[in-house]
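Heads up, the thing below is written out as structure tokens.
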2 protein chains.
Amino acid sequence: MKSYQQYCSVARALDVAGDRWVLLIVRELLAFGPSRYSDLKRGLPGIATNLLAERLKTMEADGLIERFEAPAPVATHVYQLTPRGRELEDVLRALTRWGLSSMPAGPTDADAVQPQWSALLAALTIPADMPAGTEITVGIDTDEAPGEAVHAVLRHDGFEIHRGAAADSDVTLSGPAQLVGGVLSGLLTPTRASRHGLTIRGNRSALAGLLSTTRTRAGATT
Amino acid sequence: MKSYQQYCSVARALDVAGDRWVLLIVRELLAFGPSRYSDLKRGLPGIATNLLAERLKTMEADGLIERFEAPAPVATHVYQLTPRGRELEDVLRALTRWGLSSMPAGPTDADAVQPQWSALLAALTIPADMPAGTEITVGIDTDEAPGEAVHAVLRHDGFEIHRGAAADSDVTLSGPAQLVGGVLSGLLTPTRASRHGLTIRGNRSALAGLLSTTRTRAGATT
DNA sequence: CCGCATCCGGGGCGATACTG
DNA sequence: CAGTATCGCCCCGGATGCGG
């Protein structure tokens, strides 16, 4: 896209990160870490392949991502965020929080749903509130994306998100994406959500601890 | 722009705020508060008039801004942020911080320069660090926009930015936008900046207080 | 003069097809 | 699997017109 040509740090940021799809590519790389082209395409439903390829090139040129030859097992390339790209986490966190208020009651039929988006929601808002040294693994399995569960490992100083279920999850949430996201964002209490169809397996008090104190906001709906 | 059609709060946020110019319009309204069409156009050099009009309409439809009949003196309309629009402040703050690292040494000849952008830089990063009850007024006058000074009133719980110089500024910065921004962002110490051509009038210790403790980062350049 | 609406060229975007 | 190539379309940018 064309530069705004304004000597303003907001405009500069948007010159680099304001193009369509760029921040969503960062979202995927932030969630899963190093990813292959096809992994990114999976996590970005709706993107045209030429656009993804073009964005990856300009993002590399802009220093947001790096392209690597993949290690031994798979003979392909892998994309990952540079430190500079990872610093966009704060931007994504702000957008995540702001976008929460615009989330409709549930996904429409046309809406894609992927569990890592719910996981990232938790990962970007919860860890800061966790006591140092603690760690919790949350399994996430949404009805709309059956068989594509993910699990998030949350630590006070960071997080990881992986595909598949974890053998050692502290707690696992299964149900409609709306309820999973509602609980993880603090908009919905686990009690209310389970009454509406959310299944919570595992250590329920660990979940309560996660969402403790000020995180559970008023204005819980549905 | 077309919706991403993803049930993800980041994608939702970008559906509404991701269109070109939208966040920069928010920037202007956040800086100056209620503004007329022509004021916005002044603060958004490079925007086409039809685009500004169109954006204002969709932003109003999306609940980001409101359109008012102006009060008595001027017979025209005024645009201002809704509470929902003002909540984008966190997004702008994150973008501002991130964009700082991409700021070149100085504006190119093609770059527009406006003093409110430097003022907003300060307003979005400083007030949080100020002790409650304190207030400081900073005058800002950049060489690149002569005769268009602004002043920012900074409080720990908010800020105001107004056009023109203030009679009662605690401190006033005049010089190249690069040095003004460098000091206000903490990238440059006042001492270093004044050695390079920044003029600091008024209560210099008030400025030092503003930028105290952890704000003055290492890696100061030029 | 202010606040837009209209018109028009160019380019970014989106969908599909195709290739190493 | 990882892209490249092609093609409409629509958005963006720049200029101009026009009513209040």
Side-chain angles (χ1 to χ4, degrees), chain A residues 1-6 11 14-25 28-29 32 34-62 65-80 110 112 163, chain B residues 1-6 11 14-25 28-29 32 34-62 65-80 110-112:
Chain A
M1 184 118 29
K2 197 182 165 190
S3 164
Y4 284 111
Q5 307 255 73
Q6 299 182 357
L14 293 175
D15 280 345
V16 176
D19 282 13
R20 192 161 168 81
W21 294 108
V22 167
L23 284 174
L24 295 187
I25 293 173
E28 292 303 307
L29 290 172
F32 285 129
S35 306
R36 297 178 305 169
Y37 187 90
S38 53
D39 295 328
L40 291 173
K41 189 146 173 45
R42 252 216 299 169
L44 296 164
I47 195 172
T49 77
N50 59 343
L51 266 193
L52 177 54
E54 188 199 306
R55 288 293 182 269
L56 290 173
K57 271 181 197 158
T58 66
M59 288 172 72
E60 188 182 7
D62 288 337
I65 62 175
E66 283 173 323
R67 209 174 96 129
F68 280 108
E69 300 293 326
V74 283
T76 179
H77 319 281
V78 160
Y79 297 90
Q80 71 176 47
R163 298 192 194 269
Chain B
M1 183 109 39
K2 197 183 167 188
S3 164
Y4 284 110
Q5 306 255 72
Q6 299 182 357
L14 293 175
D15 279 344
V16 177
D19 282 12
R20 193 162 167 82
W21 292 109
V22 167
L23 284 174
L24 295 187
I25 292 173
E28 291 303 306
L29 290 172
F32 284 129
S35 305
R36 296 180 305 168
Y37 185 92
S38 52
D39 294 329
L40 291 173
K41 187 144 174 46
R42 252 218 296 170
L44 296 164
I47 196 173
T49 77
N50 58 344
L51 266 194
L52 177 54
E54 188 198 305
R55 288 294 182 268
L56 290 173
K57 270 181 198 160
T58 68
M59 289 172 72
E60 188 183 7
D62 289 335
I65 62 175
E66 282 174 322
R67 208 173 96 129
F68 281 107
E69 300 293 326
V74 283
T76 179
H77 320 281
V78 161
Y79 297 90
Q80 72 177 47
D111 284 342

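Residue numbers start from 1 in every chain, and the chains themselves are labelled A, B, ... in the order their sequence lines are given, proteins ahead of strands. The structure displayed is predicted, hence computed values, not measured ones.
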Write down the protein N/O and nucleotide N/O pairs, taken from nucleotides 18-20 of chain C, whose separation is under 3.5 Å; answer none if there are no such pairs.
none

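C/dG12 atom C1' lies 9 Å from atom CG of A/D19, rounded to whole Å. The CD1 atom of B/I47 sits 14 Å away from the P atom of C/dG3 (whole-angstrom rounding). Regarding B/L44, its CG atom lies at a distance of 12 Å from the P atom of D/dG13, rounded to whole Å.
Residues forming a side chain to side chain donor-acceptor pair (under 3.5 Å) with B/D15 (at least two apart in sequence, or on another chain): B/S3. Residues passing the ring pair (Phe, Tyr, Trp, His ring centres under 6.0 Å) test with A/Y4, sequence neighbours excluded: B/W21. Taking A/F32 as the reference, nothing meets the ring pair (Phe, Tyr, Trp, His ring centres under 6.0 Å) condition, with sequence neighbours excluded. With sequence neighbours excluded, the residues satisfying side chain to side chain contact (heavy atoms under 4.5 Å, CB included) with B/P45 are A/Q6, B/A112, B/Q114, B/W117. By the side chain to side chain contact (heavy atoms under 4.5 Å, CB included) test, A/A110 pairs with A/T108, B/Q5, sequence neighbours left out. Residues passing the side chain to side chain contact (heavy atoms under 4.5 Å, CB included) test with A/D39, sequence neighbours excluded: A/S35, A/R36, A/R42, A/R163. Scored by the side chain to side chain contact (heavy atoms under 4.5 Å, CB included) test, B/T58 finds no partners at all (sequence neighbours excluded).
At C/dG3, none of the side-chain N or O atoms of B/R67 fall inside 4.0 Å of OP1 or OP2 (strictly under the cut-off).
The residue A/K2 sits close only to the backbone: its heavy atoms come under 4.0 Å of sugar-phosphate atoms, none of a base. Counting any heavy atom pair closer than 4.0 Å across all strands shown, A/R42 reaches no nucleic acid atom.
Across D/dG3, C/dC4, C/dC2, the shortest atom-to-atom separation from the side chain of B/T76 is found for C/dC2. Here D/dT4 is the nucleotide among D/dT4, C/dC13, C/dG3 with the atom lying nearest to any side-chain atom of A/Y37.
If one axis is set at each end of the helix from C/dC1-D/dG20 to C/dG20-D/dC1 from five pairs, those axes are 30° apart, to 10°.
Contacts between residues 49-60 of chain B and DNA chain C, defined by a heavy-atom separation under 4.0 Å, are made by B/T49, B/N50, B/A53, B/K57.
Between the B/Y37 side chain and the B/Y79 main chain, no donor and acceptor come within less than 3.5 Å of each other. Under the 3.5 Å distance criterion, the side-chain polar atoms of A/R55 are matched with a main-chain donor or acceptor of A/R20.
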